[in-house]
Amino acid sequence: MSDQLRVSCRCNTVKGYVAVGDLSAVPRYVCHCDDCQAFIRYLGRAEDVLDRWGGTEVVHVTPASLHLESGRDHLRCLNLSGGGTLRWFAACCGSPIGSTPKSPGFPFVSLVSTFIRDTPEKMSIGPVRGRLMLKYAYGDVAPLRKDSLSAFRMFLGVARSILIERLFRRHRTTPFFLPGTSSPISPPHALTAQEREQAYGALSAGNGGTA
Ligand SMILES: [Zn+2]
Ligand SMILES: [Zn+2]
């Protein structure tokens, strides 16, 4: 028995659901890192996604639990810094979807919570477990300090989930990679120098999050 979190991009072209066993156990975090901020700025969505401290709220789900019913051909991804993370978005309307490791062998999705529709199920997700990478937050961050969480502690939960998915061989079921391969369904886009300047340039000034 599982609940469903309905998901869709802003224009409703990419849509589907996440099958969740226990909504209250879905891990929820806010990440303030420069890459998360740059991703949202690249898409021009700072105003409606970033919180007043430049944080992006995400929930952690498995790729096998994310079922896209339509619009999969609109998925695109960025590889911001040449690192091991792919940042996925819906090209139809520039809605952020989330990030995954570069390899399907690490079955994990950090889903941007604005991709989840506002339903009673969404309201039943557990509370924010912590705020990551506060050193990149801007504004008065004093009220956030008590919620600061190290990336290592967050990673422990991810690692356990990855091991379970691999144990049950569910890592091959993913909407983000071509079946049976390590190839993303859309070639990762590396930012041009100009895109990089626009996405990261505003970071120190913190002028992207006007909420
Ligand atoms: Zn981040
Ligand atoms: Zn769309």
Side-chain angles (χ1 to χ4, degrees), residues 6-17 27-61 66-102 106 108-118 128-139 141 144 147-159 175-176 185-186 188-189 191 196 199-200 202-204 206 208-209 211:
R6 295 298 307 178
V7 297
S8 77
C9 64
R10 188 162 52 175
C11 78
N12 212 28
T13 299
V14 180
K15 62 183 173 187
Y17 64 94
R28 181 149 63 130
Y29 299 97
V30 177
C31 187
H32 296 265
C33 84
D34 54 345
D35 288 340
C36 282
Q37 291 189 44
F39 173 46
I40 300 303
R41 288 209 175 84
Y42 169 82
L43 296 173
R45 298 292 298 275
E47 277 73 14
D48 59 315
V49 177
L50 299 183
D51 69 16
R52 59 189 290 201
W53 302 281
T56 304
E57 187 182 288
V58 296
V59 301
H60 290 173
V61 301
L66 175 58
H67 302 268
L68 294 182
E69 298 161 334
S70 70
R72 191 165 166 241
D73 53 326
H74 290 271
L75 296 194
R76 299 288 184 277
C77 66
L78 301 177
N79 185 217
L80 282 175
S81 310
T85 302
L86 299 178
R87 308 254 170 190
W88 295 90
F89 63 98
C92 40
C93 57
S95 295
I97 294 174
S99 58
T100 67
K102 228 173 176 175
F106 295 94
F108 163 67
V109 189
S110 179
L111 208 62
V112 176
S113 71
T114 52
F115 187 57
I116 303 172
R117 286 220 188 139
D118 291 327
V128 170
R129 295 188 182 186
R131 289 180 177 263
L132 304 158
M133 309 292 270
L134 271 180
K135 67 177 179 177
Y136 293 102
Y138 45 73
V141 297
L144 309 182
D147 300 324
S148 181
L149 183 77
S150 74
F152 179 73
R153 279 192 54 196
M154 183 214 70
F155 175 74
L156 290 180
V158 172
F176 299 108
I185 59 165
S186 173
H189 172 65
L191 298 191
R196 207 176 162 71
Y200 285 88
L203 239 62
S204 54

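Each ligand, and each atom within it, is numbered from 1 in the order the structure gives.
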**Request:** Would you check, one step at a time, whether the test side chain to side chain donor-acceptor pair (under 3.5 Å) holds for W88 with T100?
**Result:** CA-CA 8 Å; W88 295 90; T100 67; 3.0 Å; yes
**Asked** Partners of D48 by side-chain hydrogen bond (donor to acceptor under 3.5 Å, both in side chains), sequence neighbours excluded?
**Response**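 Expected list: R45.
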**V112 side chain reached by I97 side chain, heavy atoms, under 4.5 Å** =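 Contact flag for I97/V112 side chains = no.
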**Asked** So, does S70 use its side chain to make a donor-acceptor pair with the main chain of T13 at under 3.5 Å?
**Response**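 Here the side-chain-to-backbone pair exists.
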**Request:** Sort by chain and number the protein N/O/S atoms found under 2.8 Å from the Zn ion (ligand 2).
**Result:**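 Metal shell, protein only: C9 SG, C11 SG, C92 SG, C93 SG.
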**Message:** Rounded to the nearest 0.5 Å, what separates atom OG1 in T56 from atom CG in L50?
**Reply:**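 One finds 4.5 Å between OG1 of T56 and CG of L50.
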**Distance (rounded to the nearest 0.5 Å) between D34 CG and Y136 OH** =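 Output value for this atom pair is 4.0 Å.
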**Distance filter under 2.8 Å, centred on the Zn ion (ligand 1) - protein N, O or S atoms that pass it** =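 You should have found C31 SG, C33 SG, C36 SG.
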**Qualifying salt bridge (charged side-chain N to carboxylate O under 4.0 Å, His left out) pairs with a residue from residues 68-78, counting only residues at least two apart or across chains** =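 For residues 68-78, and leaving out neighbouring residues, the salt bridge (charged side-chain N to carboxylate O under 4.0 Å, His left out) pairs sorted by first residue read R6-E69.
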**Request:** Give the minimum heavy-atom separation between L68 and P175, together with the two atoms involved.
**Result:**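 That closest heavy-atom pairing would be CD1-CB, 4.1 Å.
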**Message:** Tell me whether the count of non-hydrogen atoms from other residues, nucleotides or ligands lying under 6.0 Å of CZ in R117 goes above 12.
**Reply:**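 Yes.
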